[in-house]
Amino acid sequence: MKEIRRKSLKVLLLSVIMMVLFVLPIYGETGADNVKKSDKQKNTIERDSTKSTASIPSNVPSPQQAYKKGIYNVALDGTGDFTSIAAAVAQVPSGSTLIIHEGIYNEALNIQTKQINMKGVSKERCIIQYDTANYSFVPLNIASGTYDNLTINGYHKAKQKGAFPGYAIHIDCDSLTGQAVIFNNCNIISENAFCVGIGLRKGAKIAFRGCNFVAKKQGVMLFHDSQTPSLAGSASIDVENCVMNNYTDGLIITQCISPASTTNLTFRNNTVIGNGDGFCLAYGSYGGSGTGWMGAQNVVLTSRSAGNNIMSFNYAEMAKYRDSINATSVANSAQIAASAANVAPNGKKKVNKFYTIIDEQGREVNVPAENIDGVIFYEDGTYEPVPKNN
């Protein structure tokens, strides 16, 4: 019995020794490492907390985080990864996102071979602008990407001799094929040509959502399809929840070039301020006499188009409006042709009869006889009163 007790004591003693020698040091080292790591984290947090982030939204990544995620900061004051957007575009890989910090970036950006996304920290204070007196140099010349919370301003400083004016945003190159270009919550302003100029390619998807357009010279948007057969095909343009401030001779203009192209056009919940109906036009070889949008043969207004404050944007009203415009156009054409042939509404040929009178400044002026006599004279010697609508 005593022998058994001695053996049990030896086993217990051996177990205690093993714990002291092997188990406790392991836990001790791990605990020490945890303390060291905790101290390092605390110090890092304390150091980072000394930096001011008052003007930077919480969802904007730091430069250290950015490189890991393909996100880069552009800031004029040097606190980001780049001080100009052009420098960032030249150096970052395709698919990157640029966080644009507050400032006025006077740059003409040509981004046709990369997909670059841009996000402004403030729509009103993140401004990309350029003098668009020359068609070749505009604030944004792009073929893909998403652009959020920015002001794009094509301003007018002075005319350039022999130069055609440019758009604020130009989307027209072969690399647009199969690509998407999306603008969310942006101000788009043009003092020269249209706010946006688009040359579609097959598979292209263009969208403007929650944007504010200000057209000061030509109109809000000009778009056309491709005349190259291999690049012609189906494409789409969506404009939703936007405000269009338009005080020009155009609003939305489309040039229809190829019968192999189809543009699916959607207007939804948009507000037009200024010139609206009557300032939309489809022209070209396949525009003006079809059953599509505004008479286009290859532009289709989708059934989703509704909730807009002008008829020509709404699917349910567009056909009626288009037909009335076409009827008026036909009548006007007939009237113009008749006037050119000097034929009266009743089909009789008129006599060009004039009176010479002296106006208030003492000058001799030739006045059509019908304006004085109130009658129209015909070649057959008859005459009749001038119709009230003539």
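Reckoned from all heavy atoms, side chains included, excluding hydrogens, waters and symmetry mates.
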Expected output: side-chain N264 to main-chain V300 donor-acceptor under 3.5 Å: no

Check: K123 main-chain N/O paired with R125 side-chain donor or acceptor under 3.5 Å: no

Charged N-O contact under 4.0 Å between E191 and K216: yes

Backbone N/O of V239 and side chain of N270: donor-acceptor pair under 3.5 Å: yes

N246 (side chain) donor-acceptor with N275 (main chain) under 3.5 angstrom: yes

Beyond-backbone contact of T132 with P165, side-chain heavy atoms, under 4.5 angstrom: no

Rounded distance (nearest 0.5 Å) linking atom CG of L140 with atom CD1 of I171: 8.5 Å

Residues, nucleotides or ligands: over 12 heavy atoms within 6.0 Å of Y105 OH: yes

Check: K202 side chain, A235 main-chain N or O, donor-acceptor pair, under 3.5 Å: no

S94 side chain vs Q115 backbone, donor-acceptor pair below 3.5 Å: yes

Side-chain donor/acceptor of D172 to backbone N/O of I198, under 3.5 Å: no

Ring geometry between F208 and F183 (parallel below 30°, tilted from 30 to 60°, perpendicular above 60°): parallel

Q227, CD: over 12 other non-hydrogen atoms inside 6.0 angstrom: no

Backbone of A86 reached by a side-chain donor or acceptor of E107 within 3.5 Å: yes

Short side-chain to backbone donor-acceptor contact, T228 and S230, under 3.5 Å: no

Distance-only polar pair, side chains of N73 and H101, donor-acceptor under 3.5 Å: yes

Check: Y315 ring centroid to F267 ring centroid under 6.0 Å: no

Distance-only donor-acceptor check, side chains N245 and N212, under 3.5 Å: yes

Pairing of R268 and E240 as salt bridge, 4.0 angstrom limit: no

Main-chain N/O of N308 paired to N314 side chain as donor or acceptor, under 3.5 Å: yes

Cluster check I128, V138: I/L/V/M/F/W/Y, side chain < 4.5 angstrom: no

Minimum side-chain heavy-atom gap F223-L200 below 4.5 Å: yes

Residue pair V74 / I99, side-chain heavy-atom distance below 4.5 Å: no

K205 atom NZ, neighbour heavy-atom count above 12 within 6.0 Å: no

Separation of S175 OG from I111 CD1 (nearest 0.5 Å): 11.5 Å

Between H170 and N141, a side-chain donor and acceptor under 3.5 Å: no

Same cluster (ILVMFWY, side-chain, under 4.5 Å), M118 and I127: no

